[in-house]
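What follows is a single structure, written as structure tokens, with notes after it.
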Amino acid sequence: MNKKKLSLPARIFIALALGVIVGLICYFTKTQAFTEQYLKPFGDIFVNLLKFIVVPVVLLSMIDGILSMDNMAKVGSVGVKTMAYFLCTTAIACIIGLVMASIFNGAGLFPDLSEKLGSADYKPPEYQGLMATIVAIFPSNMWEAFRTANMLQVIVIALFLGGAIMAAGEKGKLCRDFAASAYSVIEKLMHFIINLAPIGVFTYMAWVVATQGAEILGSLALVLACAYISYIIHALVVYSTAVRVFGKTSPGKFFKLASPAMMFAFSSTSSAATLPVSKECANDLGANEDVASFVLPLGSTINMDGTAIYQCVATVFIASCANIQLTLGQMVLVVITATLASIGTAGVSGSGMIMLAMVLQAIGIPVAYIGLIVAVDRLFDMGRTCLNVTGDISCALCVTKWEEKKAKQKV
Ligand code: ASP
């Protein structure tokens with residue numbers, strides 16, 4: 001009998017739904033420990049597999065993208081458009097987050113956790129300052145950057161190596177062929193690992209629903225709702241408009257074809273780990289291979305609209321708990337610092353919360369107050385990572401169309 005295999009998005013969706021059902025069962029039968037001990041480890045294995053290919057994927061994908069463009073002017077043109085798209089959408093995300101949080105706060109919907117402030121015991125890492133952060137983007141040791149999966153440094157290495165191989169011309173041919181061949185091998189590996197995605201999605205969803213169910217019902221539900229409404233508004237307004245106007249694609253088609261990456265990001269909470277799936281989705285949407293190879297690794301490292309929204313909502317909420325009313329000047333500062341903080345956020349689980357410290361510091365709120373939301377950070381993280389990844393895919397599509405238009409004008 002010729003059995004038709006379900007498509008990957010369908011399998012991921014079924015895994016997501018089953019995960020929620022099993023999670024709820026474990027939550028109500030008080031068998032959360034089962035999900036923690038026996039299901040989550042399979043999700044961890046899957047995410048480990050993705051993490052281990054992330055450095056080669058980013059490195060080789062960017063080098064391959066640069067070499068395929070075969071012209072530094074084109075790399076520059078794609079780079080400028082990509083950065084402009086990232087910065088504009090992130091700034092809009094901050095404004096949406098701030099407006100929604102102010103509405104919720106103004107309507108008295110945020111819980112008053114001020115009596116808990118004394119027990120907020122989150123210890124933030126030291127923030128080094130802007131210049132030290134910029135210096136740290138440039139690696140002093142290539143292998144150290146790979147070993148610690150420092151993605152900003154890996155991107156810098158890819159840009160330099162790609163440019164140098166191109167500049168070396170005929171003499172660099174061996175390196176060019178090696179990069180192309182190694183990337184094909186990594187792509188095969190990526191396909192294999194992505195096929196295991198439903199297992200990762202199912203086990204993580206079951207674990208999250210079983211262990212965090214009580215927290216959702218707890219006092220932070222409205223803050224969470226505020227963040228999710230902002231995520232949804234951003235996706236429906238900003239990305240829908242961008243893909244329709246610039247990407248010449250209907251929003252319905254866009255969200256349908258981007259959904260495997262969105263669901264995967266939702267359950268894995270890592271943009272970097274979702275990169276292989278995002279690449280497939282961008283491909284299906286008709287984004288140019290070279291452009292996507294350049295935009296997506298960069299986006300998974302520096303383009304975080306969901307994180308920016310979360311940082312704004314969390315800042316307003318924490319400020320209100322500390323009885324601080326933000327002035328307009330402070331709000332502008334929040335937009336600027338949240339945009340920068342989201343750029344500095346690594347595409348891994350939970351890092352947006354660490355960078356929230358920078359925003360709070362900028363407006364003079366004690367950073368230890370992050371302790372108020374630590375417990376439910378994963379729930380915020382699921383939505384923000386989903387939005388982060390959607391933003392990257394929409395950018396790949398829009399930049400593709402802009403480049404096509406430019407090429408046609410030249411003819
Ligand atoms: N988990 C997010 C991501 O990978 C980053 C964050 O924590 O905000 O995109």
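Whatever order the structure lists them in is the order used to number ligands and atoms, beginning at 1.
With Tyr310 as the partner, the side chain to side chain donor-acceptor pair (under 3.5 Å) test is satisfied by one option alone out of Thr385, Asp381, Asp377: Asp377. Paired with Phe317 under the rule ring pair (Phe, Tyr, Trp, His ring centres under 6.0 Å), one option of Phe104, Tyr369, Phe110 passes, and it is Phe110. Shown are Asp44, Thr35, Thr269; of these, the side chain to side chain donor-acceptor pair (under 3.5 Å) with Tyr204 is made only by Asp44.
Counting atoms of ligand 1 from 1 in the listed order, those under 4.0 Å from a heavy atom of Ser270 are 4 (O). Close approach to Thr269 involves these atoms of ligand 1, each under 4.0 Å from a residue heavy atom: 1 (N), 4 (O). Interface atoms of ligand 1 facing Thr307, defined by a heavy-atom separation under 4.0 Å, are 5 (C), 6 (C), 8 (O). For ligand 1, the atoms sitting less than 4.0 Å from at least one non-hydrogen atom of Arg384 are 6 (C), 7 (O), 8 (O), numbered in the order shown with element in parentheses. Every atom of ligand 1 is numbered from 1 in the order shown, and the set under 4.0 Å from a heavy atom of Gly350 is 7 (O).
Where the criterion is an N or O separation shorter than 3.5 Å, residue side chain and backbone included, Val348 meets it with respect to ligand 1. Taking distance alone, with nitrogen or oxygen atoms compared against 3.5 Å, Gly347 approaches ligand 1 more closely than that limit. Of the polar atoms of Thr345, none of the N or O atoms is found under 3.5 Å from an N or O of ligand 1, judged by distance alone.
Of the protein's non-hydrogen atoms, the one nearest atom 2 (C) of ligand 1 is Thr385 OG1, 3.3 Å. Counting protein heavy atoms only, atom 1 (N) of ligand 1 is closest to Asp381 OD1, 2.8 Å. Counting only heavy atoms of the protein, atom 7 (O) of ligand 1 lies nearest to Gly352 N, 2.7 Å.
What you find for Asn303 and Gly391 is that their closest heavy atoms are ND2-C, 3.7 Å. Among all heavy-atom pairs drawn from Val313 and Ala101, the shortest one is CA-CB, 3.9 Å.
For the atom pair OG (Ser293) and CD1 (Ile66), the distance works out to 10.0 Å, reported to the nearest 0.5 Å.
For atom 9 (O) of ligand 1, the nearest non-hydrogen atom from the set Ser271, Ser342, Ala265, Ala273 comes from Ser271.
At a heavy-atom distance under 4.0 Å, only side-chain atoms of Met304, from C-beta outward, approach ligand 1.
Note: Phe46 and Phe202 fail the aromatic proximity criterion, with ring centroids not under 6.0 Å apart.
No donor-acceptor contact under 3.5 angstrom links the side chains of Glu36 and Thr211, judged on distance only.
Taking the charged nitrogens against the carboxylate oxygens, Asp284 and Lys253 have no contact shorter than 4.0 Å, which rules out a salt bridge.
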